[in-house]
K.L.:
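So that we are looking at the same thing, I have put the structure below in structure tokens.
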Amino acid sequence: MSHLLGVDEAGRGPLAGPVAVGLVLLPARLDVRRAFPGVADSKQLSQGKREELFELLRTRAAKGGARFAVRYASAATIDRLGITRAVALAVARGCRALSPDADARVYLDGLLKAPREYAQETIVRGDELVPLISLASIAAKVARDRLMRRLAKTYPAYRFEEHKGYPTKLHYQMLAEHGPCAIHRMSYLRLARGEEKR
């Protein structure tokens, strides 16, 4: 395989907004740690470091040395299909966009699966152990956070720029005051009513 494709998701747990799947396609010979100093699971990095690595990825992609994509499954899709199928749909769309001929080997985090035509490996804690998957997690997280900050301007009452849709105390307060909006996951609200998560 001349290229490797890393895949991870961000935003599985929020009560609002889409789930994001990050996909990064790099030459198999590339030393990812050297090319992206400090790369790690997005959850282990500060926002500033995630943004720095994301800009490195964008720069490399602009020069033709990488390709990446972020595919979303909306709150409505999550409500209709369930989170597992919604994520799988986004993974499939992203894989086919970046490697339409299935000529890349795919490395995925956790329980994610690529379409059957791809040579693939799913790695538990892959976002911590495999730098390519870490980079995909960063792409997903940065893109989703930016989207939630934009959506905060459309729905200012919910202060999405602060909690990004996650089930925090503040988010529950906003829900209690205003009720759900168009980007809330109604299936999650039914399950999580009265429960606070970080």
Side-chain angles (χ1 to χ4, degrees), residues 1-14 17-73 78 83-148 164 166:
M1 295 286 181
S2 61
H3 287 78
L4 302 177
L5 179 60
V7 183
D8 198 7
E9 50 83 18
R12 183 177 287 264
V19 65
V21 172
L23 307 101
V24 178
L25 185 74
L26 294 175
R29 66 182 183 279
L30 183 71
D31 183 337
V32 180
R33 291 190 192 280
R34 184 181 294 272
F36 298 92
V39 66
D41 174 20
S42 63
K43 295 184 290 295
Q44 298 175 355
L45 300 174
S46 67
Q47 178 182 335
K49 186 62 176 178
R50 287 194 299 266
E51 294 277 353
E52 175 188 325
L53 289 164
F54 186 72
E55 291 307 317
L56 275 177
L57 177 60
R58 285 179 48 155
T59 298
R60 183 172 285 269
K63 294 177 179 177
R67 294 180 65 202
F68 75 96
V70 176
R71 292 293 181 265
Y72 298 101
I78 293 167
I83 187 65
T84 300
R85 288 178 62 198
V87 169
L89 181 64
V91 169
R93 285 171 33 224
C95 286
R96 289 167 178 150
L98 288 187
S99 185
D101 300 321
D103 59 349
R105 182 170 181 83
V106 185
Y107 292 95
L108 306 101
D109 179 57
L111 300 175
L112 300 179
K113 298 288 184 186
R116 291 181 181 179
E117 63 264 28
Y118 289 85
Q120 61 189 281
E121 183 176 353
T122 296
I123 302 166
V124 175
R125 294 175 52 223
D127 50 1
E128 299 175 26
L129 301 173
V130 180
L132 181 59
I133 297 177
S134 301
L135 203 55
S137 79
I138 291 164
K141 174 65 173 168
V142 170
R144 187 183 185 279
D145 282 358
R146 290 180 177 183
L147 175 61
M148 293 306 293
K164 312 299 188 296
Y166 282 88

K.L.:
Which atom pairs, one a donor and one an acceptor, fall under 3.5 Å between side chains of residues 54-63 and the rest of the protein, sequence neighbours left out?
P.N.:
| from | atom 1 | to | atom 2 | distance (Å) |
| --- | --- | --- | --- | --- |
| Glu55 | OE2 | Arg146 | NH2 | 3.1 |
| Thr59 | OG1 | Glu55 | O | 2.9 |

K.L.:
List in chain and number order the residues that pass side chain to side chain contact (heavy atoms under 4.5 Å, CB included) with Ala88, two or more places apart in sequence or in another chain; answer none if no residue qualifies.
P.N.:
none

K.L.:
Quick one: which residue pairs count as a salt bridge (charged side-chain N to carboxylate O under 4.0 Å, His left out) with a foot in residues 123-141, not counting sequence neighbours?
P.N.:
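Applying salt bridge (charged side-chain N to carboxylate O under 4.0 Å, His left out) to every pair that reaches into residues 123-141, excluding sequence neighbours, yields Lys43-Asp127, Arg125-Glu128, Lys141-Asp145.
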
K.L.:
When you measure from the side chain of Gln120 to the backbone of Ala114, do you find a donor-acceptor pair of N or O atoms at a distance under 3.5 Å?
P.N.:
yes

K.L.:
Look at the side chain of Tyr107 and the backbone N and O of Val130, then say whether any donor-acceptor pair between them is shorter than 3.5 Å.
P.N.:
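Side chain of Tyr107 to backbone of Val130: no pair is present.
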
K.L.:
Just how far is it from atom CD1 of Ile133 to atom CG of Leu5, taken to the nearest 0.5 Å?
P.N.:
10.0 Å

K.L.:
Using modelled atom types only, decide if a donor and an acceptor are shared between the side chain of Arg50 and the backbone of Val142 within a distance under 3.5 Å.
P.N.:
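No: the side chain of Arg50 does not pair with the backbone of Val142.
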
K.L.:
How close do Ile138 and Leu53 get, heavy atom to heavy atom, and via which atoms?
P.N.:
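Shortest heavy-atom separation between Ile138 and Leu53 comes out as CD1-CD1, 3.6 Å.
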
K.L.:
Please find the pair of heavy atoms, one from Val91 and one from Lys113, that lie closest to each other, and give the distance.
P.N.:
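Smallest interatomic distance, heavy atoms only, reads CG1-O, 3.4 Å.
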
K.L.:
Between Arg144 and Val70 (side chain of the first, backbone of the second, donor and acceptor by atom type, cut-off under 3.5 Å), is there such a pair?
P.N.:
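Here the side-chain-to-backbone pair does not exist.
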
K.L.:
What are the two closest non-hydrogen atoms of Ala40 and Ser137, and how far apart are they?
P.N.:
O-OG, 4.3 Å

K.L.:
Between Ala66 and Leu26, what is the shortest heavy-atom contact and its length?
P.N.:
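Closest pair (atom of Ala66, atom of Leu26, distance): CB-CD2, 3.3 Å.
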
K.L.:
Are the side chains of Glu117 and Arg96 in contact, using a 4.5 Å heavy-atom criterion?
P.N.:
yes

K.L.:
Distance check, rounded to the nearest 0.5 Å: Leu4 atom CG versus Arg29 atom CZ?
P.N.:
11.0 Å

K.L.:
Check Tyr72 against Pro18 and note the closest heavy-atom contact, atom names and distance.
P.N.:
CD2-CG, 3.7 Å

K.L.:
For the atom pair CG (Leu147) and NZ (Lys164), what is the distance rounded to the nearest 0.5 Å?
P.N.:
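It comes to 11.5 Å.
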
K.L.:
Rounded to the nearest 0.5 Å, what separates atom OG in Ser99 from atom OH in Tyr118?
P.N.:
4.5 Å

K.L.:
Do any N or O atoms from the side chain of Asp8 and from the backbone of Ala136 form a donor-acceptor pair under 3.5 angstrom?
P.N.:
no

K.L.:
What's the separation between atom CG in Leu108 and atom CG in Leu132, rounded to the nearest 0.5 Å?
P.N.:
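So the gap between those two atoms works out to 10.0 Å.
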
K.L.:
For Ile78 and Ala73, work out which heavy atoms get closest and say how close.
P.N.:
CD1-O, 3.8 Å

